[in-house]
Amino acid sequence: MKGIGKKAHLFVWALLILTIPLIAGGKQEVPKPETRKGEIPAGAGGQESFDLNALIQAAQKEGEVVAYFTSSRIKDVGTAFEKKYGIKVKGTKMGDPEQAERVIREVDSKNVLVDVIGFEDGALLEGKLIPEGYVVNWVPPDIAPSLSPEDRNPLVFLWQPRIFGYNFESYKEPPIKNIWQLTEPAWKGKILIRDPAQTPANLAFFANIATNPKLLEEAYRSYYGKPSGISEKDIGWEFLKRLFQNELIVMRSDEDVGDAVGAAGQKEAPIGFYTLTKQRDNKAKNLKLATMKGMVPFMGYALPTYALMVKNCPHPNAAKLLIHYILSEGHVPWTARDMGAFSPNPKAPPHPDNEGTWTDWQKRLLRIDNKVALKLRQEVLDLWLEYGHKK
Amino acid sequence: MKGQGMRIRRLVTELRLLPYDPTKVIGFLLCAALAYLILAPVLALLLDTVRVNLRDSATIGIPTGTFTTYFLQRTFLSRVSEVLFWKPFWQTLFVAGAVCGIAIPMGALFAWLVVRTDLPGSKLVSRLMVVPYMIPSWTFAVAWISVFKNRRLGGLAGMLETMGFVPPDWLAYGALPIIVCESLHVFPFAFLLFGNALRSMDSQLEESARVLGASSFTISRRIVLPLLKPALLSSFLLTFSRVLGSFGTPYILGSGVKYYLLPTALYNSYKVGSPGVAAVIACVTVLMGVSLVALDMFFVREYRRFITLGGKGAILRKSPLGGLTLPALFFTLIALGITVLIPLGTLVLTTFMHRPGLFTVENFTLDYWIGATIPAMVGQKGFFLNPDILRSLKNSVWVAGSASLLCGFLGMLVGYVVVRLPKSRVAAYLRQVSFLPYLVPSIGFAAASLSFFAVPRGPIPSLYGSMFLLVLVMSLKYLPFASRSGITAMMQMGNEPEEAARVCGAGWLRRMGRIVLPLQKHALLTGVLLPLISGMKEQSLVIMLATPGTELMTTQILRFIDYGYTQLANATVVGIVGIIFILTLSMERLTGANLATGFASRG
C-alpha cells in the first residue's frame, strides 16, 4: 500500500507539470483591428460622411443593444429608446469596478456580450481601457461640434455635481462652510459617503484634492485665520488623513447616503456626500436634503459619466445609435431630465430646480484630472484603508 | 529481449480487449479531465499571486504579465495589510472560535437530551434539530438584518426601529450577530456527531465505574470525555471550516460596519479591482482548508487505534429526567423556536408588510408576492411576477439540476474506475484529486476557476459569463461527496454480474446500461439529489461567478439586499427555503434515506 501511495504522488506531480504549459499558455494573441461586416463607418469626425438614417436602419437590423450603466436611469433610457426606434435595450445597473472586470474579461475571451458602457471611472478609461483598446470612443459626428472639446475624448454624456449636502430640517443654514470643518471633532462619525474603495470617482476626487495645495491652504487660512504651516507638498495629504481619521461612515450607494441624511424628523442629522440628483427625492420620499451653499473652496466635484462602445461588440450600430440618442438634445431629458443632471450638449434644456446652469455649477466644483487620479489613486486608496478603517 | 516481446504481445492483447473493458481508458480520460478541471485552476490561482493582471497593472504601474512579489507584500507586509488581510484573518479565527464555543455545547447538550434521556418526543425533536442546517446559512442573517437593522445602512428601517427601539450598532452588525447566526446554522453538526457518539457509547461502562466507586466527575473525565473526543474534535474542525467557507452571513451582517472575515475580504479585494490580493487571500483560505482536513484525518486515524470492545452487546440506558422533564422540554421548544420558527416566521411576516414592524391594517399587503407594481420600489414587481426573480429561479433550477446530474455521473464513474482498478496508480490519483475540492473553501475555489476558465484555453472557449461555468464549478465542488458515495456503492457490487455478461458477449456500454446503472439506481439517485439540494442554496461558490444574465436565486437575494429591497429579498429567501423543504422531503420519500444520517457521514 505504501509503495502505491508514493507512485501515486509521482503520478500527480507528473500531471501537475504537464498542466503548467496549459495554464501558462492561457494568454490570447492580440487581435487585429478589423472593420466588421455591416458596421457603418464612423466617419472620423467628418460630418458629411455621417448618415443618421443609415445608422438607424443598420441598428434596427441588429434589433437590440446591451448596456452596462452606473445609473439605474438606463432603464428609462431603454424604454424611451425602444419606443422611438423599436430596438430593445438590455440595460443593467452596475458599478465601475464590476463593469471594468466584465469588459476586460469579455474582450479578452472574445465573447463580448455588452455594447455600450456608461462608466464613471475616467482614470481607468484613459489609463487602460482606451489605450489598450478595450473600448472605443465614438462621438456622434453631427453632435460633436456642439460639445466642448474636453467632453469629447472620452465622450461625456452626463455631468453631475457630487456634493456635500445636509438636512435642512435639522440645520437652519449649511453647517459646513469650509472644507476643513470636515476634519473637526464636531463631525466625527457624522459624515456619510459611498465607500471610496468601491467608488473610483471618489478616489479620483481625493487624489485631485491632494494635488490642489493652494486651494486647501487658502481655505485653511480663511477658516483658522492663520497659515497652516504645512508644506505645499503635504497639505493635501494631511487634509485627507484628517478627514479619513474622522470616522467617515461608509454606505453602499449615494441613494443610501441621501436617504440617511435627508430622513425627516432627525435632530443633529448627519451630513453626506452624494450626487445632487438625490435631492429630487425630497418630494417622493419626504427627504429634507439641501446643498452646502457657499462651501469653501468647493462644494464637491464634477462627476462625468462617459459613454463608450466596447471593442468588437455584437451590436455596433445599435450601440452608436444609443450613444447618439443619449446626447441628442431632443432626448436628453431621459438622461438629464432630473435636477442635478446636466447634458454636455448645451442645446439640451436644463432642469429648473438646478440652482443654476452647468457653468454656474462648475465654479462650485473641483474638476477631476484623470491623469492625476490614475497616478495617485492607489496611494489614496491605501491612505483610506489605513486611516478610514481604524476605529 | 524476450521480456520486451512479451510486453508488446500483452499490449496488443489489451488493445484488442479494449472495447470490452475500457475501464483503463476511461480511467486515464478521467485523470486528464480532473487534472485540467481541478488541479490546473488551483495552480493558476497560485500563479495569480505572483503575476500581474491587467486591472492591477492599471493601478500599480507594473506591466501585465510581469512576475512580482508585490501582491504578497501588499497582503502581508504593507501598511494596508492590517486592513486587507490581518484583521479579517484574526476576526475569522475569533468568530470561528466563538461559534465553536456556542454551537458545540449546544449541539452536545441536545444530543444528550435526545439520546440519553427520556425526553418526550425525542424522535421528532431530533428531526427538527436538523432543520437549521437544512435551510441555507444566510437565512438567519437575512432574518436578523430585517429585525435589527438601524439607520446606519440607510434604506428601509428594521422592524425594531420601526417599533421605536433603535438597535445599537454592535447588536445590528458585526461580530455578535455573525457569531449568533453562524452558531444557529452549524449546531446541528455537533448535534449529529455527538448523537452518534453517544448512541454508540455503552452505558455499562459508566455503570461499572460507578459500581467501582468512581465519582461522577471521575466518570465524565475518565470515561465519557475520552469517548466523546473524536466527536468533539470533528465538530470543532467542521464548524471551523464552515465559518471559513461561508460568505453570505458576514457579507450581510459585517459589511456595513467594515467587519470583514476572510471570504468577504477576498471578495472585497476582488471587487475593488485588485485581483492579485484576492488571489493571495484565496490561497490562504485554501491552505487553511487543507490543514483543517489534514488535522481531521490525523485525529480520525489516531482514534481508530482505540476501539472499545465489550463482550456483551452495548446497552443504551436512558436516564430519567424526572422532575426536570418539563423544564427540559420547555427549553428544547424554546431552542427550536429560536433556531427555526422565529427566523422563518419573521421572514415570512416582513414580506406582507410595507414597513416591517408597523402593525396597522393598511400596512399589510400582498404586493411583494403578487403586485404588478410596488409603490416603494420603482420598476419592481412582486415575487410571482418579478422577471428578475423568475429568471434567477429558472437559472437556479437549471444550474443546480445540471450540476447535480453531472456530479452524480462523474462520481459514479470515479467510483467504477477506482473499484475496478484497485491498487492502481490511476485509482489512487482519482481518489486524491476528486477529494481536492473538499479542501478548498468555496469562494477560493470559485476564484481559482474564474481566473482559469475566463480565457479560452485550447479547445475550450472562454466560459466567462456563461451558465456552463456555474454548472461546471458546482459539479466539481460537490464531486468529493459524489465520488465517495460512488466508490462505496461500487464496492458493494461484486464483479460477477458484469463478468457473466461479458462471457455472454455484452460490450461495456451494454453492461453499464443493463447491469451497473440499474443496480446503482439508488445510490445514483442520492448522489444526484444531495448536490441538487446543496446547489439550490449555494451562495459562497457562485457569488463571484454569477453575472447579470446568470444570476441565481441566492445571488439575487444579495442584489436585493444591496439595493435595499428588503421584502423582495426576504420573499426570495422564503421561496428557496420552500423549494429545499420540498426537495428534501421528496428525497426522503424516494430513497428512504434520512437526511440526518446523510449529512452526518462525510469524507
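Reminder, nothing fancy here: chain letters follow the sequence lines and each chain counts from 1. The analysis underlying the following values was restricted to heavy atoms, covering all of them including side chains, and did not include hydrogens, waters or symmetry mates.
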NZ (A:Lys190) with more than 12 external heavy atoms under 6.0 Å: yes
Side-chain heavy atoms of B:Thr547 within contact of A:Glu98, under 4.5 Å: no
Contacting moiety of A:Thr92, where chain B heavy atoms sit under 4.5 Å: side chain
Spacing of A:Glu386 atom CD and B:Leu84 atom CG [to the nearest 0.5 Å]: 11.0 Å
Closest contact, heavy atoms only, B:Lys258 versus A:Gly388: NZ-O, 2.9 Å
Spacing of CD1 belonging to A:Ile249 relative to CG belonging to B:Asp169, to within rounding of 0.5 Å: 7.0 Å
Within-4.5 Å side-chain heavy-atom neighbours: A:Gln198 and B:Asn268: yes
Chain B contact via A:Lys75 - which portion, at a heavy-atom distance below 4.5 Å: neither
Heavy atoms from other residues, nucleotides or ligands near NZ of A:Lys128 exceed 12 (cutoff 6.0 Å): yes
Proximal component of B:Arg74, with respect to chain A [non-hydrogen, under 4.5 Å]: side chain
Portion of A:Glu379 that has a non-hydrogen atom of chain B nearer than 4.5 angstrom: both
Distance, nearest 0.5 Å, that separates CG of A:Leu385 from CD of B:Glu82: 11.5 Å
Contacting moiety of B:Ser57, where chain A heavy atoms sit under 4.5 Å: both
Side chain / backbone / both / neither for B:Ile60 at chain A, heavy atoms under 4.5 Å: side chain
Where B:Ser255 and A:Arg252 come nearest, the two heavy atoms and their spacing: CB-NH2, 3.3 Å
Any side-chain heavy-atom pair of A:Gln378 and B:Val80 under 4.5 Å: no
Part of B:Ser81 within contact of chain A (heavy atom distance under 4.5 Å): neither
Contacting moiety of A:Leu381, where chain B heavy atoms sit under 4.5 Å: side chain
Residues, nucleotides or ligands: over 12 heavy atoms within 6.0 Å of A:Lys371 NZ: no
More than 12 heavy atoms from other groups under 6.0 Å of CZ on B:Arg391: yes
CZ on B:Arg559 to NZ on A:Lys93, rounded to 0.5 Å: 11.5 Å
Which portion of A:Lys375 sits near chain B, non-hydrogen atoms under 4.5 angstrom: neither
Closest heavy-atom pair and its distance - B:Lys271, A:Pro97: O-CB, 2.8 Å
